[in-house]
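Presented below is the structure to which this report refers.
So that the names make sense, note that chain A is the first sequence line, chain B the second, and so on, each numbered from 1.
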2 protein chains.
Amino acid sequence: MRAARTPAVRGHAGKGNGRIQVPEACVARLSLYVRELGQLKRRRVPFVSSRRLAQQLGLTDAQVRRDLSYFGQFGTSGRGYEVPRLHDRLTTILGVADRTWGVALVGLGNLGSALLAYRGFRERGFAFKVVADADPNKIGRSLYGAQVAAPGDIARLVRQHAVQIGIIAVPVGAAQKVCDALVAGGVRAIVNFAPVTLTAPASVRVRNADLAVELEGLAFHLARENHR
Amino acid sequence: MRAARTPAVRGHAGKGNGRIQVPEACVARLSLYVRELGQLKRRRVPFVSSRRLAQQLGLTDAQVRRDLSYFGQFGTSGRGYEVPRLHDRLTTILGVADRTWGVALVGLGNLGSALLAYRGFRERGFAFKVVADADPNKIGRSLYGAQVAAPGDIARLVRQHAVQIGIIAVPVGAAQKVCDALVAGGVRAIVNFAPVTLTAPASVRVRNADLAVELEGLAFHLARENHR
DNA sequence: CACTGTGAATGCATTCACAGCG
DNA sequence: CGCTGTGAATGCATTCACAGTG
């Protein structure tokens, strides 16, 4: 969940045109806010204070206020934030309100299948436009409403469907080749689940999600606490 | 990802036995170093410089040196770092060299199955000692060498096998209950894949790995770049 | 009042720059 | 030389604290 390859991600350069610099860490929390507000909205909670929101997410109230302030002034003194309004506003800012993002998923092993089946993606504005795998038994078949393509067709299909985000869920050995194909097709961001560092042009955002890294981070801390 | 108070993480300096604070961000990179060094080791590369290691991982050379310096002095002036030695040393520090970590996995849907089947975990020192699911059709069956238990048995089994790490791969509605069971059994760390914030004692480390959050982070940036 | 929004202060993390070593 | 290890400087992110508002 942590970006290994962080190409000095700046919010945005242009101060002149009124764009605000948003800390990267804040962006990461933005979708947590949306998630939580979505629940409150469904429960018809009309207002929420920074304090309560913070408590719910394990943050501090000051941090919630600071984070939200990067995007505008949404609150009412004395009462807090209007839940539906804030939810709508943040959803729009996240870029998942008014539009659907096309996604290309490569690799339909256990993990790839899990991702394809995960309803959360669709609900949150992501659609699998292209799905591919190297297994001849899978190519051509239809899974979860998507026709499985061959690796050789990735670049063409990505371009054809104007897909902007690629997901790599293939074994280590194939990851870089898949990455190249996605880049050739014109994706602008990639989520990589293979435990290897990819090489891609700086214009393409790469985010790594090696699941074992999560566990190892925890192991480090546990090991320390043990030998004390 | 998790925000709560950053606990004092300590490492030991090269000289003396005074313990020094290791930045949390550095810990996250530690397993990347191990991963990369493992590959170099297999290719029988004897030495590697901070420059080359950095290039390979998309970092700066200064950062690599700084990170490694938190754990000791491993390098040789003029030549760089001895690959096998550094690999062994970091593996030990990570806590995945000399021991195996017992893991409890709850939820055997697509994602849970993917995790269970992922060989990377076993290779990197993690063993699924307890596996559970609420589906009566799965309970009692044997998957990937693990007997599937019922949710009601989680706490008991976790304690019995002295499991320290829990993985939650169940739907949102069941996540908190599973979390409670894992905590009752005595786990000290949890990786949560359910898109919800869990409540757990401060002594239990919780790390969230909501896959949609990754995508949304990317969407935010893409949305910004579009409307320029 | 209870709460937001934000300068200012603090605390981390990264980068610079260079002394020192093989 | 080429490269490490590390003070010092810089740049981010979080927290404090309080003026201001409905």
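Atom CZ in B:Arg79 sits about 17 Å away from atom C1' in D:dG5, given to the nearest Å. Note: CD (A:Glu82) to C1' (D:dG22) measures 14 Å, nearest angstrom. Regarding B:Phe71, its CZ atom lies at a distance of 14 Å from the P atom of D:dT6, rounded to whole Å.
The end-to-end axis angle of the helix from C:dC1-D:dG22 to C:dG22-D:dC1, rounded to 10 degrees and based on five pairs per end, is 10°.
Counting any heavy atom pair closer than 4.0 Å across all strands shown, B:Arg66 reaches a base atom. Heavy atoms of A:Gly80 sit under 4.0 angstrom from primed sugar atoms or phosphate atoms, though from no base atom. Counting non-hydrogen atoms under 4.0 angstrom, B:Arg65 reaches a base of the nucleic acid.
Nearest nucleotide to the B:Gln63 side chain, out of D:dT4, C:dG5, C:dT15: C:dT15. The nucleotide whose nearest atom lies closest to any side-chain atom of A:Gln73 is, among D:dT4, C:dG5, D:dT14, C:dG5. Taking the side chain of A:Pro23 as heavy atoms from C-beta on, and the options D:dT14, D:dC3, D:dA13, the nearest nucleotide is D:dA13. Residue A:Ser69 places its side chain closer to C:dG5 than to any other of D:dT15, C:dG5, C:dT14.
Electrostatic pairing of A:Glu216 and B:Arg35 does not count as a salt bridge here, judged by no charged N lying under 4.0 Å from a carboxylate O.
Not a single donor-acceptor pair under 3.5 Å links the side chain of B:Arg29 to the backbone N or O of B:Val64. At distances below 3.5 Å, not a single donor-acceptor pair connects side-chain atoms of A:Arg122 with backbone N or O atoms of A:Phe128.
Counting atom types as modelled, A:Ser77 pairs a side-chain N or O with a base atom of D:dT21 as donor and acceptor under 3.5 Å.
Proximity of A:Leu32 to B:Asp210: side-chain heavy atoms (C-beta onward) are nowhere separated by under 4.5 Å.
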